[in-house]
Amino acid sequence: MSEILDIAAVVERLLKVDNILILCHKNPDGDTIGSAGALFWALKALGKNVMVLCSDEIPARYNYMNIAVFDDSYSPEYIVAVDVAGMQLFGDVTVSWAENCHLCIDHHPSNSRYADAMLLDGNAAATAEVMYDLLVAMGVQITPIIANCLYTGIATDTGCFKFANVTPRTHTTTAKLMEAGAEYVMLNELLFESKSRRRLAIERIALESLEYHFDDTCALVVLTKEQIAETGADGTDLEGITSMPRTIEGVKVGITMRQQPTGSYKVSVRTSTGVNACAICARLGGGGHHRASGCEIIGGLQNAKAALLTEVERELKNPTPIEEQE
Ligand SMILES: [Mn+2]
């Protein structure tokens, strides 16, 4: 169980240490990379040795953050995880470092509290929102590159300010980032107005597998490991697919099943208002947010699908209440 810290206590701890390793979650998204990038540049500005590590390669689209990836050139004395809700989300490369994680900075209410200490703000739309408050409290100047990193985290976790997790605070923080030089026009085009050819190829394959369940209120797509390999789709391409089934008219639960190299299925569940995605995934050993959650199911496709659809049906028939403040 983690010790729960406030921002002032986290500032005190970070200022005391010199060699820091920042960990991201596997299949990295804009929030874990952007939060890591912002903390990286802030700690560098304070004269510290700092590097970032992720079990998967950082997607090339985030190259503008210019983050140094950990190369064993020093022994980290302090390990910070950003936007990582549970141990199972670290992946092979980072999991041994994560076992000694000193601090986790996160916004997932479902965080399993694996780190020694935690800065958790379940009301924040993105970890990057929490990170902005932390960096200001540290007295770090929000440079254009830090602003770009934080803008990336907030914009990607809110679907470019479209999701229900957006609050007035989200816009207030974003306004500060714009004042600090965030290149929002360039970033919006890069992050939301362009798709790779690989992404289009994997979208076409996903659409061919589309099936409907429960009076067309649930849409499901499946991608095999061979199809993923064949298109060369990377983590970002695949992450983009997950929002697709839910956008179909009348669909309340959109599911994407991606076969992993090990054969297990990584499942992403996206729901419309009032359907609790986290409740569905929690019963399968996963978690996340009310409208966007995930889990991993081991076993053949038919068994995995059956287990998943059983939980979807249960949730559609007996909805788990959604707590307002989360
Ligand atoms: Mn996040």
Side-chain angles (χ1 to χ4, degrees), residues 2 7 10 22-40 52-56 58-59 61-62 65 67 80-91 94 98 101 103-115 118-135 146-167 169-171 173-174 177 182 187 191-192 235-236 238-240 242-243 256 266 268-271 277-278 281-282 286-295 325-326:
S2 308
I7 282 185
V10 173
I22 304 170
L23 303 179
C24 298
H25 63 70
K26 63 181 177 179
N27 300 313
D29 61 12
D31 194 25
T32 197
I33 299 293
S35 298
L39 185 58
F40 168 82
V52 175
L53 192 62
C54 179
S55 281
D56 296 305
I58 298 175
R61 62 167 22 176
Y62 302 126
M65 295 187 195
I67 301 169
V80 186
V82 289
D83 197 48
V84 190
M87 282 300 287
Q88 76 284 2
L89 298 170
F90 281 101
T94 55
C101 188
L103 173 69
C104 172
I105 303 170
D106 195 16
H107 70 124
H108 297 91
S110 63
N111 190 293
S112 67
R113 303 193 176 180
Y114 56 86
M118 192 68 239
L119 176 61
L120 177 67
D121 184 347
N123 295 317
T127 297
E129 237 179 78
V130 188
M131 192 61 76
Y132 174 81
D133 292 347
L134 174 63
L135 300 193
I146 291 178
N148 278 349
C149 291
L150 294 175
Y151 183 90
T152 300
I154 295 174
T156 53
D157 258 24
T158 58
C160 205
F161 307 93
K162 281 186 301 204
F163 297 160
N165 58 355
V166 174
T167 64
R169 170 188 169 193
T170 312
H171 285 291
T173 301
T174 305
L177 297 176
L187 291 171
L191 300 169
F192 306 107
T236 309
L238 294 167
E239 205 47 50
T242 59
S243 59
T256 310
K266 182 180 158 64
S268 300
V269 178
R270 301 288 181 268
T271 55
C278 191
C281 292
H289 303 285
H290 291 132
R291 295 185 58 192
S293 283
C295 59
Q325 72 272 33
E326 282 194 10

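These numbers come from the heavy atoms of this one structure, side chains and all, not from hydrogens, waters or symmetry mates. Atoms within a ligand are numbered from 1 in the order they appear, just like the ligands themselves.
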Counting backbone and side chain alike, does [X] bring an N/O/S atom below 2.8 Å of the Mn ion (ligand 1)?
X	result
D29	no
D106	no
H107	yes

| said: Can you tell me how far apart CG (L23) and CG (L53) are? Round to the nearest 0.5 Å. | reply: 6.0 Å
Atom name in [X], limited to N/O/S, at shortest distance from the Mn ion (ligand 1):
X	value
D157	OD2
D31	OD2
D83	OD1

| query | Quick check: does any side chain N or O of T127 sit under 3.5 Å from a backbone N or O of T32, one acting as donor and the other as acceptor? | reply |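 Looks like no, no N/O pair under 3.5 Å.
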| request: Say whether, by atom type as modelled, one donor and one acceptor occur between the side chain of S55 and the main chain of K26 under 3.5 angstrom. | output: no
| Under 6.0 Å between the ring centres of F90 and H25? | no
| Among side-chain atoms of H107 and N111, is any donor-acceptor pair under 3.5 angstrom? | no
